[in-house]
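Notes for the one structure printed next.
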Amino acid sequence: MSDTIVIVGAGHAGGELASALRQGGHATRIVMIGEEAWLPYQRPPLSKAYLSSGGRVESLYLRPKTTFDAAAIEFIGGTRVEAIDRGAKTLLLGNGERLAYGRLALTTGTRVRRLTGTGAAEAERASNFHYLRTVDDVVRLRNQFVAGRRIAIVGGGYIGLEVAAAAVKCGLQVTVLEAAPRVLARVTAPEISAFYERVHREAGVDLRTGVELRGFEFSPTGDVVTAVLCRDGRTQQEQSVPVDLVVVGVGVVPNVELAAAAGLEIDNGIVVDETTRTADPDIVAAGDCTSHPNAIVGRRIRLESVPNAVEQARAAAATLCGRARPYRTVPWFWSDQYDMKLQMVGLSQGYDRLVLRGDPANRSFSAFYLHDGRVVAADCVGRPKEFMLSKRIVAARAQVSAETLADESCDLKTLVPPPEAAAA
Ligand code: FAD
């Protein structure tokens, strides 16, 4: 019987899991298999500094090849795992080979949500149409990131807005087309959306919300998108946005098909318990692809963030090393646009009151989301210290009055509950 641990998916979670296994004392064979050719790399710069400034792909690596080699972590890149035979405990690889495993870690992440409407399939074949998930996507996109060109970005979420900021920096003429009535509608309060809409417009972005995508126009040869067609939801006016390139950022979907075909439970992600175990005692899962219980939020969630991928991967490694511990962490995330860092903690859905601390006009403020008088989430713009304290306030779901939170003369430090209260 094999005692090999195989990790399927060599992204943030996969790379961290492999390293944490060795650090945790796991002595037998570790194999990490990735569909992409590259060693695990950081994705966040792909829509930020790496998009505007470039650099060697290796500069994005989580760890250099020498570190994985020194830890005797085998990497099979450019290879997809096609099937899991849980009975025989083998994997079928894209090249037709079979690989035996003793225990398995699924860190398959997410993939972009593709457009489905009129002309979408034809647009996907065009040379100037882009999605953004992998470093290969960015290499292709960056070749077309030339000052003066007109870029249309479909989607006003984090990725779309970050690409807009990078494009402005590179001198492109930027149009953002968002279907919802406001940008970042899924994740922030209207006040924060309004702030970012203003920032982007001040930077010269033609930002349109409430816009329905209707299709595309193509060059006579059909291989270049020349315009994006849409309709203004308010006026019902048809619009044609001439473009030199198009980037689509309309969300992601979890890569769960491999797990589903192997009979594992799926619920908007691979279902795991708080120690990252699936229903199969020999299979754990971590990162963007998992649906996991979160005691702080009080329900099952699936997160798309680096901190979750890294911390859940460490929990999975601990489980595989026989030291299972509950994965309990407050969700957090960040976004860089222009010279501003936004840091968010907690999940704001269902909040009943928003409290601003500081003035958005100064581009430095925090927004606290309250539910039943308790702080359930916070967005901090240009306030890293407040963010660190907010993490503890949100983790404790602290009860704080709106007036106190808004009062900048009141040190947030005094609002952080002592550890015993936080644990309660
Ligand atoms: P992934 O990084 O998606 O890695 C999964 C890997 O598994 C992929 O390489 C995939 O090809 C591979 N794979 C899938 N199926 C198979 C298979 N069957 N066989 C072999 N390999 C397989 N998060 C933040 O917290 N802050 C940010 O600012 C931020 N910015 C981002 C910007 C961009 C442009 C993108 C794309 C993401 C950003 N994220 C950000 C999200 C963050 O990158 C993800 O949450 C993180 O990468 C999740 O890691 P993961 O290992 O779970 O999945």
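We're numbering straight along the sequence, starting at 1. Both ligands and their constituent atoms are indexed starting at 1 by order of listing. Below, each value reflects all heavy atoms present in this structure, side chains not excepted, and no hydrogens, waters or symmetry copies.
Considering both main-chain and side-chain atoms, Ser335 never comes within under 3.5 Å of ligand 1 through any nitrogen or oxygen pair. In terms of polar-atom proximity, defined here as any N/O pair under 3.5 Å, Trp332 makes no such contact with ligand 1. Here's the thing with Asn255: none of its N/O atoms is less than 3.5 angstrom from an N/O atom of ligand 1. Considering both main-chain and side-chain atoms, Val81 comes within under 3.5 Å of ligand 1 through a nitrogen or oxygen pair.
Formation of a donor-acceptor pair under 3.5 Å by the Arg22 side chain with backbone atoms of His26 is found in this model.
Close approach of ligand 1 to Ser47 is summarised as follows: ligand atoms under 4.0 Å from at least one heavy atom of the residue are 32 (C), 33 (C), 34 (C). For ligand 1 and Thr110, the ligand atoms under 4.0 Å from any heavy atom of the residue are 3 (O). Atoms of ligand 1 found under 4.0 Å from any heavy atom of Ala13 (numbered from 1 in listed order, with element): 50 (P), 51 (O), 52 (O). For ligand 1, the atoms closer than 4.0 angstrom to any heavy atom of Glu36 are 8 (C), 9 (O), 11 (O). Against a heavy-atom cut-off of under 4.0 Å, Gly287 is close to the following atoms of ligand 1: 52 (O).
Using 4.0 Å as the threshold, Pro307 has a heavy atom nearer than that to some atom of ligand 1. Residue contacts with ligand 1: Gln42 is excluded, as none of its non-hydrogen atoms falls under 4.0 Å. For the pair Gly34 and ligand 1, a heavy-atom separation below 4.0 Å is found. Using a non-hydrogen distance threshold of 4.0 Å, Thr79 registers as a contact of ligand 1.
Side chains of Gln239 and Arg208: a donor on one and an acceptor on the other come within 3.5 Å. Checking Trp38 against Asp136 by side-chain atom types alone, a donor-acceptor pair falls below 3.5 Å. Donor-acceptor pairing under 3.5 Å is recorded for the side chains of Arg140 and His130.
Classified by interplanar angle (parallel below 30°, tilted 30° to 60°, perpendicular above 60°), the ring pair Tyr196/His200 is tilted.
At a heavy-atom cutoff of 4.0 Å, ligand 1 is contacted by no atom of Tyr158, backbone or side chain. When heavy-atom distances to ligand 1 are checked against a 4.0 Å cut-off, Ser305 comes that close through both its backbone and its side chain. Heavy atoms of Val8 found under 4.0 angstrom from ligand 1 belong exclusively to the side chain. Within the 4.0 Å heavy-atom criterion, the part of Ile159 lying near ligand 1 is the side chain and not the backbone. By the criterion of a heavy-atom distance under 4.0 Å, both the backbone and the side chain of Val306 are placed next to ligand 1.
Between Lys65 and Asp69, at least one side-chain nitrogen of the basic residue sits less than 4.0 Å from a carboxylate oxygen of the acidic one, meeting the salt-bridge criterion. The pair Glu16-Arg314 counts as a salt bridge, with a side-chain nitrogen and a carboxylate oxygen less than 4.0 angstrom apart. Remark: Glu74 engages Arg29 in a salt bridge, criterion side-chain N to carboxylate O under 4.0 Å.
Of the candidates Arg80, Glu82, Glu16, Glu35, Glu35 brings a heavy atom nearest to atom 11 (O) of ligand 1. The nearest non-hydrogen atom to atom 30 (N) of ligand 1, considering only Arg43, Glu162, Met32, Lys48, comes from Lys48.
With a 4.5 Å cut-off on side-chain heavy atoms, Tyr158 and Met344 count as touching. Here the side chains of Lys385 and Lys413 are not in contact, with every heavy-atom distance at 4.5 Å or above.
Annotation: cation-pi pair Arg142/Tyr50 present, NZ/CZ under 6.0 Å from the ring centroid and within 45° of its normal.
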Query raised in the report: So Phe365 and Phe195, ring-ring contact (aromatic ring centres under 6.0 Å, His included) or not? Walk me through it.
Result: CA-CA 11 Å; Phe365 66 101; Phe195 169 75; 4.9 Å; yes
